[in-house]
Amino acid sequence: MDLNSRSIVERITFYVKHIPVGKVATYGQIADMAGNPRASRVVVRVLNTVSKTEKLPWHRVINSKGMISLKRGHGYEMQKHLLESEGVIFNDNDRINLKQFQWRGS
DNA sequence: AACCTGACTTCGG
DNA sequence: TCCGAAGCCAGGT
């Protein structure tokens, strides 16, 4: 498919779908791969809208600090559980070691 | 067209 | 290393 002719939203969707199991990507990282390193907030919108009609591995997207952005009682627990079930480890500060789990796209 | 919003990021103190 | 402020994108109102 011709990614370059697609919209930023479509490209973001494409990359999110390609995050491998057991790995994570940051909002900024996906935005960057999609062509606009400053469109991290668009990634948020995509996860909220697109994931309603398509199955996306939304839980594999975390913030630049290696932490889950969802709040407790509002998805945080669910996302953490999904990631742990894939082998991702959280340290004592509830953070994920990006050096170890961040997806290194090509 | 102005204004608001969101699972963000970067930078300065 | 930890905030707070400011910057940023795109869609919805």
Chemist: What is the separation between atom CG on A:L70 and atom P on B:dA7, rounded to the nearest whole Å?
Modeler: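 After rounding, the reported distance stands at 7 Å.
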Chemist: Rounded to the nearest Å, what distance is computed from the CD1 atom of residue A:I30 to the P atom of nucleotide B:dA7?
Modeler: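 From A:I30 CD1 to B:dA7 P: 17 Å.
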Chemist: Hydrophobic clustering (ILVMFWY, side-chain heavy atoms < 4.5 Å, transitive) - are A:M67 and A:L47 grouped together?
Modeler: no
Chemist: How long is the line joining CD1 of A:I12 and P of B:dT9, in whole Å?
Modeler: 12 Å
Chemist: Taking A:R38 first and then A:D32, would you say they form a salt bridge - that is, a charged N and a carboxylate O separated by under 4.0 Å?
Modeler: no
Chemist: What is the separation between atom CD1 on A:I68 and atom C1' on B:dA7, rounded to the nearest whole Å?
Modeler: 10 Å
Chemist: Are the charged groups of A:D94 and A:K65 less than 4.0 angstrom apart, N to O?
Modeler: no
Chemist: Provide, to the nearest angstrom, the distance between the CG atom belonging to A:D92 and the C1' atom belonging to C:dT1.
Modeler: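 Result: 17 Å.
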Chemist: When you measure from the side chain of A:R11 to the backbone of A:R6, do you find a donor-acceptor pair of N or O atoms at a distance under 3.5 Å?
Modeler: yes
Chemist: Return the value, rounded to whole Å, for the distance between atom CZ of A:R38 and atom P of B:dC11.
Modeler: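 Answer to the nearest Å: 12 Å.
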Chemist: Hey, does the side chain of A:S64 come within less than 4.0 Å of B:dT9's phosphate (OP1/OP2), counting only N and O?
Modeler: yes
Chemist: Within the sub-3.5 Å range, which N or O atoms of nucleotides 10-12 of chain C have a protein N or O partner, and how far apart are they?
Modeler:
unit_1	atom_1	unit_2	atom_2	d
C:dA10	N3	A:R45	NH1	3.1
C:dA10	N3	A:R45	NH2	3.3
C:dG11	O4'	A:R45	NE	3.3

Chemist: I need the A:I68 CD1 to A:N63 CG distance, nearest 0.5 Å.
Modeler: 9.0 Å
Chemist: Measure CZ/A:R41 against P/B:dA7 and give the value in whole Å, please.
Modeler: 9 Å
Chemist: As an exercise, state the distance from CH2 of A:W103 to OH of A:Y15, rounded to the nearest 0.5 Å.
Modeler: 7.5 Å
Chemist: Could you tell me how far apart A:K65 (NZ) and B:dC8 (C1') are, to the nearest whole angstrom?
Modeler: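 About 9 Å, once rounded to whole Å.
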Chemist: Please classify the nucleic acid contact of A:S69 as base, sugar-phosphate, or nothing, using heavy-atom distances under 4.0 Å.
Modeler: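 Answer is sugar-phosphate: A:S69 comes under 4.0 Å of backbone atoms only.
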Chemist: Ignoring hydrogens and geometry beyond distance, is a side-chain donor-acceptor pair present between A:E10 and A:S7 at under 3.5 Å?
Modeler: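 Side chains of A:E10 and A:S7: pair found under 3.5 Å.
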Chemist: C1' atom, B:dA7 versus C:dT13: distance in rounded Å?
Modeler: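 These two C1' atoms come out 22 Å apart once rounded.
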